[in-house]
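To start, the structure itself, in structure tokens.
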2 protein chains.
Amino acid sequence: MPTKQSANLDAVSKAIIEQLQHDGRKSYASIATEVGLSEAAVRQRVQRLLDAGVMQIVAVTDPLQVGFLRSAMIGLRVSGDMTEVADALTTMEEVDYVVTTAGSFDILAEVVCEDDDHLLELLTKRIRALPNVVATETFVYLKLNKQLYNWGTR
Amino acid sequence: MPTKQSANLDAVSKAIIEQLQHDGRKSYASIATEVGLSEAAVRQRVQRLLDAGVMQIVAVTDPLQVGFLRSAMIGLRVSGDMTEVADALTTMEEVDYVVTTAGSFDILAEVVCEDDDHLLELLTKRIRALPNVVATETFVYLKLNKQLYNWGTR
DNA sequence: AGTGAAACGACCGTAGA
DNA sequence: TCTACGGTCGTTTCACT
């Protein structure tokens, strides 16, 4: 079950995570030789990290290469409780990222669409149609300069 | 070598990707039985998808669980060429996400920091100190509502 | 939490269609 | 680009520390 607190990771676990951030399918045996543990010990630690929700090992795809040519960040201003709007956004499949923020936007949502028509339909018919959405501002992506999945073992 | 064009993925490749989006370490053999191909064929297709940059299989970590308690999105307005600022941001290790956008911000950058002091130092001493940065607006994250790595096989 | 060893299953290279 | 197959290596389980 995922813990909410920050786990105390020792140097060995950090080293294991770092290996897997480069190659999620790297064998436990070869990680073991690099970090100086037995293969079984590495496997147990990886299992614990996965169970605790500290990391997950997954395939991540490049949207441009799988037919999603138009991405954007949408900033929303909301009246009243923003959790309902945030919840509604999380259920939309084009929306891959939702954060509740402090600042001139209450919510930031990243959307991945096939083309401009798709984005327009999503924005006008579904996002701006949500109750309590007062205003939106759309930042169409021109270029993705950096995308790191490797948080947290620097 | 990563191609820049969007690849044409058939139903089988999409099915393989979908399996790996749930478990990046799932064995080729068990994927093979699910999609109805031989183990070697699955292995070859996965290798091609990785080589083409269509997907990568990596460990992704939860910043809160590895000691990064303060995240934020920073919108930047830039004078002149924005590529230099974007490039400078990509070299900063706290910056995990940089996009060049159209709208009232020229660049959006997501940063992952240990605490507020760290964020303040990064923002004032390093980001706002960059040449041609005219203005910034910081959206401190209160709650991460949704984070999907599974782009593109819907 | 970690080690070691033995049985099992997955992975890899190669050949052939 | 797929299947078939044999050798090798990785993984799993378990008893022990």
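Convention: sequence-line order gives letters A, B, ...; per-chain numbering from 1.
Put simply, CD on Q44(A) is 15 Å from P on dA15(D), counting in whole angstrom units. dT1(D) atom C1' lies 15 Å from atom CD of Q47(B), rounded to whole Å.
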Exercise for review: Would you give a per-nucleotide map of nucleotides 8-13 of chain C, 5' to 3', where B means the base has a protein non-hydrogen atom under 4.0 Å away, S means only the sugar-phosphate does, and - means neither?
Suggested key: --SBBB
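Interatomic distance, CD of E137(A) versus CD1 of I74(A), reported as 11.0 Å (0.5 Å rounding).
E110(B) and Y97(A) form a side-chain donor-acceptor contact under 3.5 Å, judged by distance and modelled atom types alone.
One finds no side-chain N or O of R45(B) lying less than 4.0 angstrom from the OP1 or OP2 phosphate oxygen of dT3(D).
Looking at R70(B) and E114(B), no side-chain N of the basic residue comes within less than 4.0 Å of a carboxylate O on the acidic one, giving no salt bridge.
Taken together through direct or relayed side-chain contacts under 4.5 Å among Ile, Leu, Val, Met, Phe, Trp and Tyr, V78(B) and V134(B) form parts of separate hydrophobic clusters.
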Point to revise | Steps toward salt bridge (Lys or Arg N to Asp or Glu O under 4.0 Å) verdict (D87(B), K146(A)) | key: CA-CA 9 Å; D87(B) 288 347; K146(A) 179 180 189 178; over 6 Å; no
